[in-house]
Each structure stands twice: as structure tokens, then as C-alpha cells.
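Predicted, not measured: the structure shown is a model, and the values here were computed from it. Values below: all heavy atoms of this structure, side chains included; hydrogens, waters and symmetry mates excluded. Counting convention: from 1, in listed order, for ligands and their atoms alike.
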Amino acid sequence: MLEFHEALEKILKHVRRSLPVKLPLEDALGFVLAEEVKAREPIPLFDSSSVDGYAVQVRDVQHASELRPVRLKLQSVVSAGVTPHQSLKPFHAIKIMTGAVLPQKADAVVMKELVEARGEEIIFSSPAKEGASLRRRGEEFAKREIVFQKGTCITPPVIGMCATLGLTSVKVYRKPRIALVVNGNELRSPSSPLRRGQVRDSNSYALAAALESAGVRPVLVLHAGDNKRTLTKAFARALKSADVVLSAGGVSVGDFDFVKEVLSDLRVRKIFWRVAMKPGKPNFFGTRGKKLIFGLPGNPVSAMVSLETLVMPALRKMMGSYTPDVLHDAVMDFDLKGASGRIEFVRAFASWSKEGVLTVKPASRQGSHMIGGLADANCLIVLPKEQDRVAKGDIVAIRFLSWNKI
Ligand code: AMP
Ligand code: MG
């Protein structure tokens, strides 16, 4: 059986980055930049005030103090969005608003709160430093400076920065089209009453929701029974319309687990079947041309943990931004008996203690069929396969679950 890290390596080796596409800026959230972005002009474009106040020449107020205040004459007022026509005269001050262009000859702005305005006279009781309360032309980015590297994830501030640069569209990597195939004769929709032996299909909902929270809503969700005919039909359709096919169920060693056979008949090349991980042992991975096929186990927690640990890295690489999953150290708040000779992903909840220590407690429902236990978790404790027990107070590695955003 493959080790978890070997399985992940094999998957990533087969992943090709998607082709780039140009998108309107407002549609680009969650994509990854497929081009370097440069400043076409200095940012900011002009010297301006960072406060509401008075533009002055520093030398005019250099001796100002509480005891010997300096009085300057109000010359004019400049508001944001207009170009001041006058340059500042000696022993004058120009009233200036936040973001307004700094008049020529002014070399500092004094906050409104620090002066006293008496009609046409402005009284300063402290000196100003050259450059005080100013935003300088080009101080954030010089003309032609690189603002974003290729591979940058487009977050809300990235969108704001692109707008600041005057971009209305950006080149990004396409997101993969994903099809889901859930299977099992026992599955019923949530709206159906259950007969004994039947269970409600939670995988198509949970997997689709996890994908959606990563910005890749599946284009197709198909249902099949435990027979080759419906499985073949569903997989053939999924392979036709998607870049990545994810199935859940029917991939283990049961008499009616036909997924591997059906995929082989559909010319899917098996890369691996079975991974030394808990949950998630029956995972299958194969390719057909550039298409990736993941056969996830049907148990709801196994399916979701496999999605998170094996599939999401592949999707992120396709979308142009693969970085290995981040692990954090956390202190165990509980004794835990480990596995199994397999790497184990224990559903758990991590929080900061009053002392500021990241502390983690396993969820109470650990069965791989218990989706409620995963719903209680915000992270997975990653136990190496050698580790057979962890005591309260021990340090463990955890990884936060990607869908826990709020
Ligand atoms: P399988 O991998 O097909 O052997 O399924 C393993 C377990 O997961 C069985 O108990 C199934 O009933 C259950 N299961 C499979 N698919 C789903 C699903 N879509 N929703 C909920 N449970 C499922
Ligand atoms: Mg089944």
C-alpha cells in the first residue's frame, strides 16, 4: 500500500496547470494570476495630504511653540479631486483635505486638530517635520515596478490593487470543471423517507459544498447504483464534460464495488489504489489523457478527508497556486490512542487557551461514517503512522480544514 505522501506526490506529478483566460476584474476573485502585474504609472500618482489640515512650509513654523505660537495667513482651500493652481506663498497656509493634491512649495501638512483657526489666521503652536502627513508620488509602487507575481491568489485586496492600477481585466488560470459521481444502491435523496437499509446521500451535498467553498462548484453531480450499467453511464458522461471526476463509494473490496472495473473499461489508467491513511484507505487515483479521476471512499468522513488532503492540493495546482498544506503545532487537551500503521487524520477542534497556547481536542464522534464528528471539527490532527498514542500535554501537528472560514 502506498504511503500518504507518496500518493500525494503521484497525484501532483500528473497535474498540469490549467490554461490561462482573461477575466473581467470583478469576476476574478478566487482565481490565480497567470501574468505578472506591473504598475503602469507611479502609485500614488501625485503628492497629497494624508490628513485634513493645513499645508505649510516647514521653515515658516519651525520656531512655533505653545509659548510663542506662529500665525500664518490662510491663502486658499484645496479639496480632493482638484488641481491647486496657486503655489504656497511664504508665511501662508493652505487648508487641505485628505487626498487633495499638495500645493507647490508646501513641504508638510499640519493636522487640523493641532492648530487654531481664527478667521483668516491660522495659529501653530508646534513645528512641523518636513514630509509630515504627506503621501508621496510613487511611494507605494514606482512606475514599472512589479506589483504582483504570476501565481498570486486573487483576494479582495488584490482586486482593489488591480483597480488602483487601472486594470479592468486580468489573465488568470482557468478553474477545472469537476463532475461528481456518487454511487450506492442504498442511497436516497434527503427528501425521501427511508426504508430499513437505506441511508440518505450526504456525499453529493458535502463534497459539492466543500468544492464550492474552494471556489470550484462542480458542473455535474451524477448518481449511480451498484451495477456496471449505471456506473458506466455516469462515468462516461462525467469524463466527457469534466477535467476532474470525483466519485464517492464503490471503490473498496466489497462484492458490489465496481468503480475500478468500470473505470478500467473506460480506459482510465490506474495510478494507485489504496493509501495507508485513516480514514481513506480505499482511495483510487487514475488518469485518462489530461483528465484526473479520483475514486474516493463512500464513507462520508473518509470522502471529505480524502477530498481535503489528496484532491484539494491537485485542484490548487491546476488553478495555479500549489503550496504544501500548512501544519501548526498544538498542545493536546486529551489522551488519544493512535492507529494502525497508517497516517491518521483525527477530527478535532483547535482554539487558543487563555494563556495564548493553541490547544486541540479530538471531536467525540470519530467514526468514518460520522459526518457529525467532522462538522464539530475545525482541524485534523495529523498523527504519523508510527505514533500509537498521544498524552494530554503532548505537542501534535494539526491542519485547519479549508472550509472553516468564518
Ligand atoms: P462504499 O465506499 O460504497 O463501500 O460505502 C461505504 C459506506 O459509506 C457505506 O456505509 C455507504 O452506505 C456509505 N455511503 C456511500 N455513499 C454515500 C453517500 N453518498 N452518502 C452517505 N453515505 C454514503
Ligand atoms: Mg457502496
Side-chain angles (χ1 to χ4, degrees), residues 1-2 7 178-213 217-235 237-238 242 244-266 268 270 272-286 293-311 340 342 344-345 347 363 365-377 403:
M1 213 178 335
L2 272 187
I178 301 177
L180 277 182
V181 178
V182 296
N183 60 81
N185 286 344
E186 73 283 25
L187 303 178
R188 288 292 172 273
S189 82
S191 59
S192 304
L194 296 182
R195 274 192 280 114
R196 204 170 148 79
Q198 298 179 328
V199 294
R200 296 206 173 90
D201 160 29
S202 66
N203 282 343
S204 61
Y205 291 86
L207 292 171
L211 290 166
E212 192 175 340
S213 83
R217 172 195 279 254
V219 291
L220 203 58
V221 180
L222 300 167
H223 298 260
D226 291 316
N227 58 75
K228 290 197 201 164
R229 190 183 58 80
T230 57
L231 277 170
T232 305
K233 202 170 145 205
F235 275 117
R237 206 173 143 210
V244 178
V245 176
L246 302 181
S247 71
V251 79
S252 194
V253 292
D255 287 359
F256 305 97
D257 289 341
F258 294 123
V259 165
K260 296 186 294 306
E261 208 178 316
V262 164
L263 288 175
S264 160
D265 291 347
L266 288 168
V268 170
K270 178 181 114 181
F272 65 73
W273 174 51
R274 307 222 293 171
V275 182
M277 62 191 281
K278 187 184 175 192
K281 187 162 90 176
N283 265 293
F284 171 94
F285 174 64
I293 298 92
F294 292 88
L296 311 178
N299 261 319
V301 177
S302 313
M304 292 290 275
V305 169
S306 304
L307 179 81
E308 183 78 344
T309 57
L310 290 174
V311 182
S340 59
R342 294 182 268 159
E344 188 171 358
F345 297 102
R347 283 67 80 197
R365 300 173 181 84
Q366 287 292 333
S368 56
H369 55 299
M370 296 176 175
I371 190 78
L374 186 60
D376 279 343
W403 52 78

A.B. asks: Go through ligand 1 atom by atom and flag the ones less than 4.0 Å from a non-hydrogen atom of S202.
C.D. replies: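 Under 4.0 Å from S202, ligand 1 has these atoms: 18 (C), 20 (N), 21 (C).
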
A.B. asks: Geometry only, no angles: is N299 polar-contacting ligand 1 at N/O separations under 3.5 Å?
C.D. replies: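 Yes, at least one N or O pair falls under 3.5 Å.
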
A.B. asks: Taking only heavy atoms of G250 into account, list the atoms of ligand 1 that are under 4.0 Å away from them.
C.D. replies: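 By the 4.0 Å cutoff, the relevant atoms are 1 (P), 2 (O), 3 (O).
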
A.B. asks: Among all protein heavy atoms, pick out the one at the shortest distance from atom 19 (N) of ligand 1; state its residue, atom name and that distance to 0.1 Å.
C.D. replies: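 For this ligand atom, the closest protein heavy atom is D201 OD1, 2.8 Å.
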
A.B. asks: Is there a donor-acceptor pair under 3.5 Å between the side chain of N283 and the backbone N or O of R274?
C.D. replies: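 No, the answer is negative, given that no donor and acceptor are paired below the 3.5 Å cut-off.
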
A.B. asks: Taking the non-hydrogen atoms of E186, is any one of them nearer than 4.0 angstrom to ligand 1?
C.D. replies: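 Contact present.
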
A.B. asks: Testing D201, N203, V199 one by one against P300 for a side-chain contact (heavy atoms from CB on, under 4.5 Å), which residue passes?
C.D. replies: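 Going through D201, N203, V199 one by one, the side-chain contact (heavy atoms from CB on, under 4.5 Å) with P300 is satisfied by N203 alone.
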
A.B. asks: Looking at R342, R347, Q366, which one forms a side-chain contact (heavy atoms from CB on, under 4.5 Å) with P279?
C.D. replies: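 Exactly one pass, corresponding to R347.
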
A.B. asks: Can any side-chain N or O of S306 pair as donor or acceptor with the backbone N or O of S302 at less than 3.5 Å?
C.D. replies: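 Side chain of S306 to backbone of S302: a pair is present.
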
A.B. asks: Which atoms of ligand 1 are found less than 4.0 Å from any heavy atom of P300?
C.D. replies: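 This gives 21 (C), 22 (N) as the contact atoms.
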
A.B. asks: Against I178, only a single residue in V245, V219, V221, L246 fulfils side-chain contact (heavy atoms from CB on, under 4.5 Å); can you say which?
C.D. replies: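 Only match with I178 under side-chain contact (heavy atoms from CB on, under 4.5 Å): L246.
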
A.B. asks: Show which atoms of ligand 1 fall inside a sub-4.0 Å distance from at least one heavy-atom site of L187.
C.D. replies: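 Close to L187: 16 (N), 17 (C), 18 (C), 19 (N), 20 (N), 23 (C).
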
A.B. asks: Do side-chain atoms of D265 reach the backbone of V262 as a donor and acceptor pair under 3.5 angstrom?
C.D. replies: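 Not confirmed, D265 side chain does not pair with V262 backbone.
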
A.B. asks: Starting from atom 4 (O) of ligand 1, what is the nearest protein heavy atom, named by residue and atom, and what distance separates them?
C.D. replies: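 Ranked first by proximity to atom 4 (O) of ligand 1 is D257 OD1, 4.1 Å.
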
A.B. asks: Checking a contact table here: which protein heavy atom is nearest atom 16 (N) of ligand 1, and how many Å away?
C.D. replies: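 Going by distance alone, atom 16 (N) of ligand 1 is nearest to N203 ND2, 3.5 Å.
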
A.B. asks: Side chains of F235 and V259: closer than 4.5 Å at any heavy-atom pair?
C.D. replies: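 Yes, at least one pair of side-chain atoms sits under 4.5 Å.
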
A.B. asks: Does any N or O of ligand 1 fall below 3.5 Å from an N or O anywhere on G298, backbone included?
C.D. replies: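 By distance alone, the answer is yes.
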
A.B. asks: As an exercise, identify every atom of ligand 1 less than 4.0 angstrom from a heavy atom of R200.
C.D. replies: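 Selected atoms, number and element: 20 (N), 21 (C).
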
A.B. asks: Are D376 and R365 within salt-bridge range, i.e. N to O under 4.0 Å?
C.D. replies: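 So D376 pairs with R365 through a salt bridge.
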
